[in-house]
Each structure stands twice: as structure tokens, then as C-alpha cells.
Protein chains: 2
Amino acid sequence: MREKADSDLVRRQNRLLLMEALRQHGAMARVEMGRHTGLSPASITTISSQLIADGILEEAHAAHAAAEGPQRRGRPVTRIDFNPRSANVVAVKVSIDGIELALADGRGAILARRTARTATYDAGPLAFGKLVADEITTLLAGARVPKRRVARAGIAVQGVADSQAGTVVWSPAFRERNISVAATIEGQLGIPCRVANDANMIAEGLIGSDRQRYGGTAAVVFMGYGVGMGLIINGQVYHGPTGAAAEFGHMNHLPDGPLCRCGRRGCVEAYVADYSLLRWASGHAVTQPPSSNAIPQQDMLALEAAAHRGDPAAVAAYAKAGEALGFGLARLIAILTPSRIVLAGPGTRAMPLIRPHLERALEQGVVDELRRTVEIEVVPIGTDMIVKGTIDRALRHVDREIFAHGPLTKRGRELETVA
Amino acid sequence: MREKADSDLVRRQNRLLLMEALRQHGAMARVEMGRHTGLSPASITTISSQLIADGILEEAHAAHAAAEGPQRRGRPVTRIDFNPRSANVVAVKVSIDGIELALADGRGAILARRTARTATYDAGPLAFGKLVADEITTLLAGARVPKRRVARAGIAVQGVADSQAGTVVWSPAFRERNISVAATIEGQLGIPCRVANDANMIAEGLIGSDRQRYGGTAAVVFMGYGVGMGLIINGQVYHGPTGAAAEFGHMNHLPDGPLCRCGRRGCVEAYVADYSLLRWASGHAVTQPPSSNAIPQQDMLALEAAAHRGDPAAVAAYAKAGEALGFGLARLIAILTPSRIVLAGPGTRAMPLIRPHLERALEQGVVDELRRTVEIEVVPIGTDMIVKGTIDRALRHVDREIFAHGPLTKRGRELETVA
DNA sequence: TTGTTTTATTTCGGCGTCCAAAAAAATGTT
DNA sequence: AACATTTTTTTGGACGCCGAAATAAAACAA
């Protein structure tokens, strides 16, 4: 309750309402929009025709409509959807051994992809931004989309991002700290850019795919090379005061526990991440600093196979991981009581090995009343959800910050009238 | 972004905006309202005169205005404030050995108080609601305020409250579970009633007293007989999906740690609460079930004195508490990175004994980057803040749910016109 | 005393958006 | 061809905001 209400707010809010319904349910007729938004048919007509005039929406071709099934009595509906040419967005996912780019149209459909293998780990604080900007330029050139058509770029990265400053404060993908990214891209390409945590982007993607299910209060834990978490609070992805994400992976489990990549001891990640499992299983000292190299998938598959065969060291490693994860979730539940916890990422392949220990830890760590209100689900989500989430977020931002306001030409027209 | 925008929303929002400015800054002139809300003078005139006609606000007497200091040039301002007779609210604070009631007017000024010593612990699930209802009746009778003038009652209680169901799911103040409160009060007195966690009400009170300071993302930890927490997320007190509060006190610190009142082992409360400190210091087994009796303040003062004298058992108890609290806060920071943590309650008397261990635990448990963004402050807040917070919350709710909508007479008039 | 200046508040007319009701459009049914 | 049905647009009225002008109420100045 901070903004005053006037006709401007009313227009923005209702335009946005209509666009949100479209993003969530896809192309629909005006009557349907009325049902979703609660607006009268008269208002839907007004708003939708303005959005069409602004080039943001478009009516579906009649041919398409005919394919919609048996025609009922009465005037047939005309379905409306986002105009793919309304805007483009770019998503960039940063890994330790390269970056992955995707270009999407105004409907969120991916027009082009690109993968660049580079040693991000050694890139300097300024060089990296330039590298990404160059890759984006190449991506756009290949798809013949001019820069000015790109309304926004989103960068997803493991670790702590400061979305206000547009920097990567700390990430396992970089040796150095405070890598500046957004400023370079905005400066070099003129494209507004946001840096965000990758697990948050998964949360964003889940909301986009099923608002019903993930729209309340939920936590998404991504297990893999590291451990990340995205929090959804009251239907919105939570970004802390500085725009940093929740750092569930670096929440302490036990004082003086195993050494973590972050330099502290006993973090959840130091039990649950790929490198931690390998370290336990191989009998290395838990104070041995983890390697910063990427871990090949086959190493993890081998470890899982060993555990399934009953190899004691491997079994013990997964037991440790389950206990740490369980107590970590127990503590999360004590603080937030989310109604849903989603476990995702390649690490969930080993859930059968982890689960019993996780459940036991939850029993020990949470009051029954709270435990019962939380549903824990395992979802086979890969890293592609990061890209989808980044695109979703970028488009929603464009909807809110640009499309909801009305056409630029309107302000132009006003000026013409005055002059 | 769920509600459609129409002129009704505009009216509600702007009325609320104006009332919020008044609640926060107290009586003010119309020009000032314009500055706070961003509304034009013309609109302020319209809105304020309607609120006055509705009996919600009133103009201050001219005499009062004169006392405001040296008169400047120009037409003098007429200050406006809430009409004390606009509505009343009742706040009830439940303790283990009695309940405390307060009646406030439409400005939040307390008109009457009442304390009733009763063994709440033994009250049954239905008897307790009746007891509270009777006490409220007596309170109102004493102040000569009729029931129908009370727009809302708020019940603050330790432990897990379900504000949706209006019950106390679990509380150390009761032997039994699922104590129904709101339904009885609403049924017997016809006063809408909400049950809430006491630490949440402290958070509510802090927001009311200094929105600037506590309005962002903050955590309030209340230390005393138990350990509670209220979370403020984006300026709003966080109530979980069921309306339950955060249960920081029952977040696990160490597996197999000392036995807690909740029946689990190793909760933060089992290290930090009064009974826990006494148990450590007295050398009792940590698996000894804690007594459910109230602990006299002098026992705690004696323990503090012993620790200050250097008594090893007492010193060790506070060291344990500091470490558990520190790691607890470290885990909280990893999940939410609040920009402020407020330590409050009688337990903070011992902060000099606790602090060094708390800081050490924080160093071990949180990445530096995050630790630096959090300010930890100790505020000498007593239980009276619970009452203030409960009143604040009730009034804000009345503002939003009743006053913002406009006069009932209006709907009446519409009906008359139609008939 | 009387006019001038200053600041606060109200009045007035216009604008934008919503809505209900009626009209128009587009198709199926008889 | 007339009627039924459903969707969409048009029309006229209401509400709430705003800018500009008018009014109100005081201090100050002549």
C-alpha cells in the first residue's frame, strides 16, 4: 500500500491483469479474459484493443480458430495472444565451464540458443561482462534480431548475486568476487540487464508453469554441483534486501563440520553437493579444500552405483547428506513453514539413497504440527528450468514495467498535440 | 496483483493511504496529507471530508491548533486526527499464569486495562474461550463501552497459533492442544477476533513505532521464558500459510541436544530460554523435562549475578545459550538475509554474558558478505510491546477492512434510492 | 483601519476508466 | 428466411482524480 491510486494506476493494473492471464493460460478469447480478470466485457474490449494497437497482443488468425474443435452455436470467439514481435528477451546461464544463452520472442518461445565453453572461473571482474555482451551480440546476429528489439536480458548464476548492483558478489563459478555484469551489458548493448541466482530462476520457472501449485509459499532446493534454494513467499520469488537469494546451501548444519567451498565449515552444501559426496566416499579428510573443477556426471553415476551395491563408504556419504539436508529443511520449516518443498536437480537422482535419512532427520528436527503441513516433492527438473525461469522473469518484468504503462507513442502524441 | 482495479479500488486505496499516514505520523493538516500520500489538495479535501462525515476522522479543536507553536503567515492549518469514538479494539495477552487485557479507542489510546490471574495451563479447549469472553465483558462494563462498539479483538499467545482457524495449536501456556478461542468470542460477544503469536505482535508494534527502521526485512527475537520470533518481510509481518508464526525457538540447533518443552531435542529454546539456562547451571540432566511452572524473575537475576561473579556453571550456561542463539541467527541469515535482527525481551538483560559467544558463532556460521549486511540490535522491549502491537494490528485491520470501504449508510442509501 | 501578502482549503470543470444495457456481429437451427 | 445463441462493440452514465481558479483565514504593512 504505497502507491496512490488514480486512473493511471487503474489502467496499468488492469492491463497487467489481462497480460498475466494470457501468460498463464495462453491464447484466449475476450470472454475468457473477463472470467479470469473479473472485468466487464466492455472493459475487456477497450483494454484488449488498446494492447493490440500497441503491438503487444494480436488476434489469432481465423484459420487457427477453426482448428479449435466443433463449432458451437453463436458468434465464434476470436482468440488473442501475445504478439511474438512485441519484444525479445535474452537469458544467460553461467556455469563454471561456460555460458549458455537463449533468445526468446514475446510469447516466450525460444528462437535461438548458443553455448560457449569458456573458463569463466578465471575471467576477471570486468572481462566477464564483455565476454557475455559479445556472446549476446553473436546470438542476436545469428537470429537476425537487432539489439533494440531486446527489451531485457537476465543472467542466472550460482551463488550470491546483487541484483541491485548488477554484480555477482560471490560465486563458485568465479575465482574473484564482485564480478560486474549488468553495467557492461547495459553500457555496451543498451539492453537492460538483471543478474539473479539460478535457484531463484528455477522458482520463477515453477511459478510460471503452475501457479496453482507453486504460487503460495514454497521452497525450491536445487541439488547438484552445489546446493541452491529459491524461496516463494506469497506467490512471489523472494529476493532479499540487496536482491541476493537465500543461501540455503551455505546454511550451517553442524559447527566444525566439513570444509565448504565458501571457506566455512559445516555448511549443508559440504554434505550434500556432488563434491562433498565424493569427498566422503573417497575417504579424504573433510578439511580438504574441494576442487573448483567441474565434476563429470559419470563420477556421480559411479558413486550412486557403488551405494546401490552396498559399498559402505558410498552408503555412508548419502546417509550424511540425507541427515544434513533433513536438518536443514527442518530449520527452514521452523522459520517459514512453507506449504511445499520442491527438491530438484541432478542430485535428486540419489533420492532413494538419501530419503530415509532425510525423513528421520525431519522427525527429529520439526514439531509434528508443522511437519504435517509441509509437502515435500521431488521433481526431475534439469538446468533447462533455469533458462525457462530466466525468460519468464524477464517477460513478466517487461509486462509490468513497459507494456502495462501504455504505448510510448501516446506520450509522443501528447507532445505533438501540445506543439 | 490479483484484484481488478476500478473506482471502488481507487477509493479504498486512497482512503487507506490517508489513514496509514495518520496512524504513522499522528494528527496532521490536509497539506501534510498531500505530501505523504502524493494526492492533490483537491482530492485530500474530498477524501478527508468523507472520512469525517463517516465519523472516522475529526478536525482538531482550534484551541489545540493554537498551542502548536508560533503562528506562521497565511491561513492556519486545521489538523485532522482519528476520531477516538470511531471504534474500539481489545487486546488480550495470554501467559501461563493469567491473561492481561487492554481496551483502546480509535486512536490507539488505552482506555482500560485488566489483569486476571488464572491457571490457563489447566483450562480446557472450550473453557478458555469462555473465560476470555467473560473477562472482555467485565473489561467493557468497567469502561462503559458497549460490545457493538468494539470492532475487533486480538489474542496474543506464545507458541503456534492458527489465525485462520482461530485456535491455539500448541502453546506452552496450555496443557492441551488446539484450544479454540476466536469462535467462542465471536459467538458469545459478536466481536471479530484473531489469535496470533506474541512475537509477531511485537514485530507489529515495532513497525507501528518506526516504520522507517523496521519496515524492510527484519526479524524480532523475543527471549524470556521461551524464545519467539516475528518476521517482517517487505514491511509486512509474515504469517505462514496457516497463519502460524515462525517458530525460531523450536528450530533445531544440534541433533540430540537438550530436551525442549516441545518434546524434541536440541531446539534453540532448550539452550536460550530461562528454564534452559537454569537447567544447565544447576547441573541437571539436559534430558530432564522442563517444568511447566512460571519462573520467578528473581531466579534469573540470581543466575545472572552468579555468572557475573564468575560462577563456572552459570558462565557455561550463558556460553551455551550464546552459541545456540548465534548459530540459530546464522541459519536465519542464510535463509532470509534480513537487514536487521532485533533481540528483545527480559532475556536480553544477560546480553553482556551472551554476546561474545553469539558473535563467535555468527563468524563461524555465516558467509562474511551476508553477515555484514545484517545489523543486530538489542532493544529493551518488555511484554507491553505485545499489547501495543496487538492493538496496532487490530486498528490497522479495522482501517483496511471496514473504514477503507466507506460508510455502511452509503450502501443503505443506494438501497433507499432503488426502493 | 485597510489593503497586501501568504498559506490552506474548497469549488469547478474536464478527463480517464469502469460498468450496465443495448446494439451489432457472426454463426447454428428450424 | 426467421429465430436462437453467443461474442463483441457501442453508448451513456457514474465515480474519482486533477489542475486551475476561487475562497478563507491569518500575519504584515501602510
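Every chain is numbered from 1, with letters handed out A, B, ... down the list of sequences.
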Pairwise N/O distances under 3.5 Å, protein to nucleotides 7-12 of chain D:
residue	atom	partner	partner atom	Å
D:dT7	O4'	A:R75	O	3.3
D:dT7	O2	A:R75	NH1	3.3
D:dT8	OP1	A:T78	N	2.9
D:dT8	OP1	A:T78	OG1	3.0
D:dT8	OP2	A:R30	N	3.4
D:dT8	OP2	A:V31	N	3.1
D:dT8	O4'	A:R75	NH1	3.4
D:dT9	OP2	A:R30	NE	3.2
D:dT9	OP2	A:T45	OG1	2.7

Just to verify, what does [X] make a side-chain contact (heavy atoms from CB on, under 4.5 Å) with, not counting sequence neighbours?
X	result
B:T46	B:Q50
A:A53	none
A:S339	B:P241

Listed by chain and number, what are the salt bridge (Lys or Arg N to Asp or Glu O under 4.0 Å) partners of [X], not counting sequence neighbours?
X	result
B:K4	none
B:R340	B:E375, B:E377
A:R75	none

* Decide yes or no for B:Q13 and B:E3: does some side-chain heavy atom of the first lie under 4.5 Å from some side-chain heavy atom of the second? =>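 Of all side-chain heavy-atom pairs linking B:E3 with B:Q13, none is under 4.5 Å.
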* Asked: Is there side-chain contact between B:I391 and B:V387, with heavy atoms separated by less than 4.5 Å?
  -> yes
* Asked: For A:H25, which residues count as a ring-ring contact (aromatic ring centres under 6.0 Å, His included) partner, sequence neighbours excluded?
  ->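 Result, ring-ring contact (aromatic ring centres under 6.0 Å, His included) vs A:H25: A:H36.
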What is the distance, rounded to the nearest whole Å, between atom [atom1] of [X] and atom [atom2] of [N]?
X	N	atom1	atom2	value
B:L9	C:dC19	CG	C1'	15 Å
A:R73	D:dA4	CZ	C1'	4 Å
B:I47	C:dT9	CD1	P	14 Å
B:R12	D:dC17	CZ	C1'	17 Å
A:D6	C:dG14	CG	C1'	15 Å
A:Q50	C:dT17	CD	C1'	9 Å
A:D8	C:dG16	CG	C1'	10 Å
A:R15	C:dC18	CZ	P	11 Å

* Asked: So what is the end-to-end bend of the helix from C:dT1-D:dA30 to C:dT30-D:dA1, with 5 pairs used at each end and the value given to 10 degrees?
  -> 30°
Whether [X] contacts [N] is assessed here as follows: a side-chain N or O lying under 4.0 Å from the phosphate OP1 or OP2. Is that the case?
X	N	answer
A:K4	D:dG16	no
A:S7	C:dT17	no
B:N14	D:dG16	no

